[in-house]
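To start, the structure under review is shown below, and the notes come after it.
Indexing begins at 1, ligand by ligand and atom by atom, following the structure's order.
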Amino acid sequence: MVKISLVFFLSFLVISSLAQTPNTKRASKPNIVIIYADDLGFGDLSCYGMKRIATPNIDRLAKDGLKFMDAHATSSTCTPSRYALITGRYPWRQNGTGVAPGDASLIIPMDKGTIASTLHQAGYETAVIGKWHLGLGGKEGIDWNEQIKPGPNEIGFDYSFIMPATLDRVPCVYVENGRVVNLDPKDPITVNYKHKVGNDPTGKENPEMLKLKPDPNQGHNQTIVDSISRIGWMSGGHSAYWRDEDIAATITDKTIQFIERNAQQPFFVYFASGDIHVPRYPNSMFRGKSGMGLRGDAILELDYSVGRLIKALDSLKLTDNTLVIFSSDNGPVLNDGYLDQAVELVGDHKPAGPLRGGKYSIFEGGTRIPFIVKWPGHVKPSTVTHASISQVDLFASLNRLVGQKLKEEDAPDSYDLLSALLGRDPKGRDYIIEQSSGLAIMKGQWKYIVPNKKTSYDPFTQTETGNLPQPQLYDLKNDLGEKNNLVEKKPAIAKELSAILDKSKGFEKTRN
Ligand code: NG6
Ligand code: CA
């Protein structure tokens with residue numbers, strides 16, 4: 001009798017544990033969706049104070065989740081910020097991580113873990129969909145007509161559908177799992193960043209063909225694709241050209257399809273929107289709708305794409321088991337190479353909100369960006385946090401979340417800030433290092449900017465870069481707009497911060 005009931009009891013245990021496995025597994029491994037905007041400023045969303053237009057879908061994320069007031073991209077341009085997000089390492093530790101030309105080779109080291117490879121190891125199906133801008137191929141250069149590698153699929157993404165560089169750089173084609181989409185082998189692609197190739201018209205020679213005029217001071221007048229001239233020359237590949245007004249819908253569709261394919265298992269999607277980077281040419285659904293020109297229209301398009309992604313998760317009943325993170329790669333810029341009326345129509349809107357500077361700037365406007373986290377049941381709705389967090393921390397924090405142990409050499413600058421990410425720790429990082437063409441460090445209320453002899457003002461993009469030959473110290477608690485340089489009044493604080501920065505430059509920590 002005792003034996004029989006023991007057998008019963010044991011089989012009950014086995015059966016009930018089998019029945020529970022999938023659920024338990026799912027709960028500890030939520031899907032992860034990172035929605036990464038391009039050049040979207042701290043003040044560009046209505047949930048961050050934008051008055052001129054509404055961004056209801058992104059606002060909804062904030063309403064259902066946690067809004068960060070002190071979150072940072074590592075850098076004030078695209079390539080280095082993305083490098084940090086994917087490698088968990090500060091980009092200034094490696095040469096060649098500045099804004100990448102369209103024919104750059106892959107800049108992500110192949111011998112270390114990436115946020116995608118580690119999550120893949122943890123059982124996730126991983127994807128990058130959208131703007132890449134981290135180089136492709138090896139040092140010998142890229143043949144765009146063959147399998148292109150190494151690229152995202154070689155560093156941990158199971159699926160990739162990308163625009164290779166920024167939208168203003170050739171080649172203007174999608175690359176899916178290493179292959180140019182819709183390429184006609186009889187019309188092969190050649191790309192050159194030094195001189196013209198082929199006979200395709202350029203913005204310089206054929207300005208009458210353009211629907212968007214480049215700023216004569218900033219280049220962008222080379223090969224014309226979709227009636228917009230770009231940086232760099234390309235020939236061939238005509239059947240593979242993207243249409244700028246379809247990009248947002250195309251990459252959103254691809255993301256929804258990836259989510260549908262993987263609805264039954266944990267997935268990680270890095271959705272890298274082309275909005276609101278130049279050339280801004282959103283769909284006709286949005287053009288002319290913001291009253292702020294194409295830049296405002298592109299914000300509407302970005303918000304719409306976010307709405308579609310959220311709706312897709314809802315209809316697949318994945319919302320409760322999906323952690324969504326929304327952010328931007330660097331601060332805002334109005335004129336970044338095309339005369340699209342962003343400057344003329346901005347009115348009283350402040351793209352960086354209360355912050356000084358923007359894209360390319362070491363002031364807060366360069367790297368402090370919108371950052372929203374939503375995870376129903378785990379992150380309290382409608383909350384705001386002042387915890388300091390850097391995007392470089394997503395690597396360690398997300399791996400911690402899914403229980404994946406990292407190797408010593410992986411993600412050396414990434415801190416496990418999971419508690420701050422989920423709104424349970426109000427402090428976050430001890431200090432944050434920021435990068436433009438120079439470096440700065442922010443610790444508590446203080447920010448120290450390293451002296452830098454480069455230009456303090458770029459007249460073309462109208463950027464206050466924050467570079468000065470003297471050191472600068474700001475009290476962000478009382479002077480968020482970085483107007484009063486206190487370096488002479490508080491030399492000890494400046495010295496302390498400068499010493500911490502020097503020390504961090506000198507070593508890469510091992511895993512905590
Ligand atoms: C700059 C480009 C700018 C933009 C930026 C990269 C010029 C004069 N300006 O060099 O148009 O492409 O690089 O932006 O070429 S980012 O957001 O991808 O970093
Ligand atoms: Ca950018």
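Numbered from 1 in the order shown, with element, the atoms of ligand 1 that lie under 4.0 Å from a heavy atom of D168 read 3 (C), 4 (C), 11 (O), 12 (O). Below 4.0 Å from some heavy atom of T166 lie the following atoms of ligand 1, by number and element: 18 (O). Listed by atom number, the atoms of ligand 1 under 4.0 Å from H277 heavy atoms are 4 (C), 6 (C), 12 (O), 14 (O), 16 (S), 17 (O), 18 (O). Within the listing of ligand 1, atoms 17 (O) sit less than 4.0 angstrom from a heavy atom of N330. In summary, the atoms of ligand 1 found under 4.0 Å from a heavy atom of T77, numbered by their order in the structure, are 19 (O). Listed by number with element, the atoms of ligand 1 under 4.0 Å from a non-hydrogen atom of D336 are 3 (C), 4 (C), 11 (O). Residue D38 approaches ligand 1 through these ligand atoms, each under 4.0 Å from one of its heavy atoms: 17 (O). The ligand atoms of ligand 1 that sit less than 4.0 angstrom from a heavy atom of H133 are 18 (O).
For atom 14 (O) of ligand 1, the nearest non-hydrogen atom of the protein is K359 NZ, 2.7 Å. At the top of the distance list for atom 9 (N) of ligand 1, counting protein heavy atoms only, stands H220 CE1, 3.7 Å. Remark: minimum distance from atom 13 (O) of ligand 1 to any protein heavy atom is reached at R169 NH2, 2.8 Å. In terms of protein heavy atoms, atom 8 (C) of ligand 1 is closest to Q218 O, 3.3 Å.
Checked against a 6.0 Å centroid threshold, the rings of F371 and F326 do not count as neighbours. Side-chain rings of F161 and Y174 approach one another, their centers coming within less than 6.0 Å.
Under the side-chain hydrogen bond (donor to acceptor under 3.5 Å, both in side chains) test applied with K359, the options D336, D458, T463 reduce to a single match, D336. With R82 as reference, D329 is the one residue of N330, D329, T97 to meet the side-chain hydrogen bond (donor to acceptor under 3.5 Å, both in side chains) rule. D413 pairs in a salt bridge (charged side-chain N to carboxylate O under 4.0 Å, His left out) with only one of the listed residues (K505, R89, R93), which is R93.
Taking a cutoff of 4.0 Å between a charged side-chain nitrogen and a carboxylate oxygen, D59 and K63 do not qualify as a salt bridge.
Remark: the T367 side chain and the S76 side chain contain no N/O donor-acceptor pair separated by less than 3.5 Å. In summary, the side chains of E176 and S160 do not present any donor paired with an acceptor at a separation below 3.5 Å, with no hydrogens or angles considered. No donor-acceptor contact under 3.5 angstrom links the side chains of S75 and T77, judged on distance only.
Considering backbone and side-chain N/O atoms, C78 comes within less than 3.5 Å of an N/O atom of ligand 1.
Stacking of K211 on the aromatic ring of Y281 is recorded, both the 6.0 Å distance cut-off and the 45° axial limit being met. No cation-pi contact links K213 to Y338, judged by a cut-off of 6.0 Å to the six-membered ring centre and 45° from its axis.
Considering just the N/O/S atoms of D38, the one nearest the Ca ion (ligand 2) carries the name OD1. Within D39, OD1 is the N, O or S atom that lies nearest to the Ca ion (ligand 2). When distances from the Ca ion (ligand 2) to the N, O or S atoms of D329 are compared, OD2 comes out shortest.
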Residues D340, R280; criterion salt bridge (charged side-chain N to carboxylate O under 4.0 Å, His left out); working and verdict:
CA-CA 8 Å; D340 62 8; R280 304 174 184 121; 2.9 Å; yes
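In this structure, Y360 has a heavy atom closer than 4.0 Å to ligand 1.
Within the 3.0 Å limit, N330 places at least one N, O or S atom next to the Ca ion (ligand 2).
For R82, no heavy-atom contact with ligand 1 is shorter than 4.0 Å.
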